[in-house]
Amino acid sequence: MSKAIGRVAYKPVGVLLGIAAGTVAGAVFRQVWKLTAGDGEAPDATDEDRGWVEILAAAALQGAIFAVVRAAVDRGGAVGVRRLTGRWPE
């Protein structure tokens, strides 16, 4: 399989994994926020009842969790493709 074909073949898998990663990351973030902040709902950037520190802390935490989950899902997907095809997706 050429590199171009490998990239095209992996593209739909990557999209599905990205959607799954976003869903998982959102669920993880909500649970972590609930445990750390003691609040059931994370603040929205336009929530006027929340301060800057809380808003920015929530955004940083959410971004970090999303990045870690996305990297883990992407890496796992690439390993799975290599196991199935014998080639690393590019």
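Atoms considered below: every heavy atom in the structure, side chains included; atoms not considered: hydrogens, waters and symmetry mates. Residue numbers count from 1 along this sequence.
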When every non-hydrogen atom of Ile55 is compared with those of Ala45, the smallest separation belongs to CG2-CA, 3.8 Å
Salt bridge (Lys or Arg N to Asp or Glu O under 4.0 Å) involving Arg50 - partner list, sequence neighbours excluded: Asp39, Asp47, Glu54
Going by atom type alone, with no hydrogens or angles, which donor-acceptor pairs under 3.5 Å involve a side-chain atom of residues 20-30 and a protein atom two or more places apart or on another chain?
from	atom 1	to	atom 2	distance (Å)
Thr23	OG1	Ile19	O	3.1
Arg30	NH1	Gly26	O	3.3

Val73-Val81 co-clustered via ILVMFWY side chain contacts under 4.5 Å: yes
So which atom in Trp33 and which in Glu41 form the shortest heavy-atom distance, rounded to 0.1 Å? NE1-O, 3.5 Å
Checking Asp49 now: which residues fulfil side-chain hydrogen bond (donor to acceptor under 3.5 Å, both in side chains) with it, not counting sequence neighbours? none
